[in-house]
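Structure first, commentary second.
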Amino acid sequence: MKNVYVNTIGCQMNVYDSELMIKILKPLGYVQIDSIKKADLIIINTCSIREKAAEKTFSYLGRIAQAKKEKPDQIVVVTGCVAQNLGKEITRRAPYVDIVLGTRVLGRLPEYVKKVSEKRDRIIDIEMTEGFDEIKGYEEPKETKVSKFVTIMRGCDNYCNYCVVPYVRGREISREPESIINEIKSLIDGGTKEITLLGQNVNSYGLKENLCSFPELLHKIKNIDGLERIRFATSHPKDLSDNLIEAFKNIDKLCDNFHLPVQSGSNNVLKGMNRKYTREIYIERIIKLRSVRPDISITSDIIVGFPGESEEDFNDTLLLLKEIEFDSLFAFKYSDRSVAPASKFKNKIEEDVKTDRLARLNELQNEISKKKNIIYEERVEKVLVESLSKRQSTEISEDIKLKQWMGRTSSNKIVNFNHTEDDLIGRTIEVKIEKARANSLWGISTN
Ligand code: SAH
Ligand code: SF4
Ligand code: F3S
């Protein structure tokens with residue numbers, strides 16, 4: 001038996017890919033552990049979306065260098081978006097890295113690890129192949145989590161001007177429905193109740209390959225026995241079709257949440273970003289979604305300080321926040337990525353202006369998030385339990401022991417609640433919400 005340690009930086013796609021790598025390394029005898037020191041194999045799955053994320057790779061590699069001094073036969077793999085972007089630049093800066101593996105050749109990992117462990121060698125493979133072949137023939141382990149990601153597409157063809165993804169994840173490709181359904185079924189056999197379908201723009205699923213549309217895929221998936229909840233991420237507003245909105249009317253298993261990144265509320269900025277929709281189109285899509293699912297929670301991504309963003313443009317974003325009232329937001333300061341066109345744009349925004357705008361935006365959003373969550377107070381919500389709460393404030397009275405559990409509502413709000421039972425994981429519990437905070441809800445179970 002050998003030990004593998006995996007450090008995953010970045011988005012849900014990387015989380016999925018890391019699990020996939022662990023799965024395909026099993027036949028070689030590798031078991032996942034959480035100690036760098038004891039590991040025979042170390043995998044760093046990297047992210048390049050913003051400068052800060054990319055820097056994490058090298059600061060982390062510094063730590064690995066220390067560990068490797070004590071255990072020189074350790075094999076070090078760097079994969080993910082920084083690996084794809086920098087290739088052999090990584091081994092130049094960190095010569096103790098054995099394998100640099102691109103985002104589209106994950107299936108070759110076992111072969112490379114075998115090679116390097118037999119005869120010390122350095123392998124750099126960042127070829128942009130197509131396909132989902134690496135998944136074939138590998139069964140899910142029989143025990144799994146309540147909520148899991150399933151990648152249905154790789155790559156992106158949208159070329160937003162700020163974004164590195166099309167360059168590091170390659171062209172968009174969709175996975176066969178049958179392969180997706182088989183993976184979901186095996187996850188359900190292992191105890192999964194909720195899946196999140198992943199792609200950079202799920203709305204264009206299947207179109208290139210003429211497989212089936214995304215709403216059609218949802219209709220196929222909804223019939224899988226034992227699957228209770230379906231989520232997906234991410235959608236591009238320009239491709240959000242009426243058929244997908246219609247699916248929220250017809251598919252009960254589709255959760256009450258929609259993540260629809262808007263990036264900016266200013267038409268000038270949206271144009272500069274190459275997003276291909278306007279503020280007005282975005283608002284119209286949200287109104288339509290809310291007309292079929294009034295309780296749907298809407299979340300989004302925003303970039304502040306894109307090149308050329310004036311105070312007036314930024315104000316348009318603040319006004320959009322007030323108009324839509326998102327349930328929550330992921331907001332970022334624009335970060336130059338040298339492969340993306342916006343890095344060459346003039347009128348860059350000063351760092352302190354970006355910092356100030358981000359703070360103003362977050363302040364406004366906090367108020368809105370709190371207001372949106374307060375609506376839940378006194379309501380009874382169905383909560384799918386994922387785990388024990390992180391903060392285990394076990395309240396012990398004379399004869400009752402209360403454990404604190406964490407789960408989510410259909411609208412993807414985190415709920416913490418107390419319950420006397422020993423194991424609630426995977427069960428749907430009715431919880432009366434007593435207290436709303438900006439990022440979570442607190443309640444007591446009613447069953
Ligand atoms: N495919 C998704 C988003 C993927 S990246 C979509 O189209 O919406 C996740 C988020 O990172 C983006 O929505 C964007 O808000 C942010 N992001 C991407 N590139 C960035 C950059 N150069 N600087 C700052 N934020 C960025
Ligand atoms: Fe990046 Fe745009 Fe593709 Fe999203 S749609 S991954 S933001 S290029
Ligand atoms: Fe980062 Fe790559 Fe995801 S750049 S956000 S890990 S697609």
Side-chain angles (χ1 to χ4, degrees), residues 7-18 44-57 78-86 101-104 106 126 149 151-173 197-205 232-240 258-265 269-270 272-277 282 285 298-307 309 317 326 328-345 348-349 351 354-355 357-358 361:
N7 178 25
T8 308
I9 307 165
C11 68
Q12 300 160 329
M13 302 259 174
N14 270 9
V15 173
Y16 179 86
D17 285 346
S18 288
I44 311 163
N45 196 2
T46 60
C47 173
S48 176
I49 200 81
R50 286 168 290 274
E51 188 61 36
K52 260 196 189 145
E55 274 167 11
K56 274 193 198 163
T57 305
V78 179
T79 183
C81 297
V82 176
Q84 186 68 51
N85 192 20
L86 298 183
L101 191 74
T103 56
R104 295 290 275 253
L106 298 184
I126 52 168
F149 301 133
T151 293
I152 64 166
M153 305 170 78
R154 290 193 187 276
C156 181
D157 288 349
N158 285 310
Y159 293 97
C160 302
N161 279 335
Y162 50 80
C163 186
V164 76
V165 171
Y167 309 94
V168 293
R169 291 271 166 173
R171 297 291 54 74
E172 189 175 291
I173 176 171
L197 304 170
L198 297 181
Q200 294 296 353
N201 178 17
V202 294
N203 295 295
S204 56
Y205 172 83
F232 57 83
T234 305
S235 295
H236 195 304
K238 79 174 164 54
D239 297 316
L240 171 48
F258 208 107
H259 183 63
L260 194 62
V262 63
Q263 314 298 359
S264 168
V269 174
L270 288 172
M273 289 177 163
N274 191 30
R275 288 290 285 181
K276 302 196 180 87
Y277 55 84
Y282 186 88
R285 295 282 81 187
I298 310 279
T299 55
S300 198
D301 294 347
I302 300 262
I303 297 175
V304 299
F306 184 76
E309 183 189 70
T317 300
F326 295 107
S328 64
L329 272 187
F330 300 93
F332 313 98
K333 288 191 263 184
Y334 167 78
S335 167
D336 260 342
R337 313 309 295 130
S338 58
V339 288
S343 65
K344 316 268 173 335
F345 287 7
K348 294 277 168 62
I349 306 300
E351 197 56 31
K354 285 195 257 184
T355 305
R357 285 183 187 166
L358 184 64
L361 184 122

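Every number for a ligand or one of its atoms is a count from 1 in the order of the listing. Quick note: residue numbers are just sequence positions, from 1. When reading the values below, keep in mind they use all heavy atoms of this one structure, side chains included, and skip hydrogens, waters and symmetry mates.
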In terms of atom number and element, which parts of ligand 2 are under 4.0 angstrom from non-hydrogen atoms of [X]?
X	answer
C156	3 (Fe), 5 (S), 6 (S), 8 (S)
Y159	8 (S)
H236	5 (S)
R275	2 (Fe), 7 (S)
V165	6 (S)

Note the single closest protein heavy atom to [atom], along with its residue, its atom name and the distance in Å.
atom	answer
atom 9 (C) of ligand 1	D301 OD2, 3.8 Å
atom 3 (C) of ligand 1	Q200 OE1, 4.0 Å
atom 4 (S) of ligand 3	S48 N, 3.3 Å
atom 7 (S) of ligand 3	R169 NE, 3.4 Å
atom 24 (C) of ligand 1	K333 O, 3.3 Å
atom 6 (S) of ligand 3	N14 ND2, 3.3 Å
atom 15 (O) of ligand 1	Q263 OE1, 2.7 Å
atom 5 (S) of ligand 1	I49 CD1, 3.5 Å
atom 19 (N) of ligand 1	Y162 CD1, 3.2 Å
atom 3 (Fe) of ligand 3	C11 SG, 2.3 Å
atom 1 (Fe) of ligand 2	C163 SG, 2.3 Å
atom 2 (Fe) of ligand 2	C160 SG, 2.3 Å
atom 7 (O) of ligand 1	R275 NH1, 3.4 Å
atom 1 (Fe) of ligand 3	C47 SG, 2.3 Å
atom 25 (N) of ligand 1	R50 NH1, 3.3 Å

Option nearest atom 5 (S) of ligand 2 (shortest heavy-atom distance, choices N158, I49, N161): N158

Residue Y334 vicinity, atoms of ligand 1 by number, heavy atom under 4.0 Å: 23 (N), 24 (C)

Contact atoms of ligand 1, heavy-atom distance to R337 under 4.0 Å: 22 (N)

4.0 Å heavy-atom contact, Q12 with ligand 3: no

Heteroatom test (N, O or S) for C81 near atom 1 (Fe) of ligand 3, limit 2.8 Å: no

Geometric N/O contact S335 with ligand 1, under 3.5 angstrom: yes

H236-ligand 1 polar pair, N/O distance under 3.5 Å: no

F258-F326 aromatic ring centre distance below 6.0 Å: no

Structural part of Y162 in contact with ligand 2, heavy atom criterion under 4.0 angstrom: side chain

P166 contact mode with ligand 2 (heavy-atom cut-off under 4.0 Å): side chain

Contact with ligand 2 for R169, non-hydrogen, under 4.0 angstrom: no

Matching residue for N158 among K276, Q200, K238, H236 - test: side-chain hydrogen bond (donor to acceptor under 3.5 Å, both in side chains): K238

Per-residue contact class, F332 against ligand 1 - non-hydrogen pairs under 4.0 Å: side chain

I303 heavy atom under 4.0 Å from ligand 1: yes

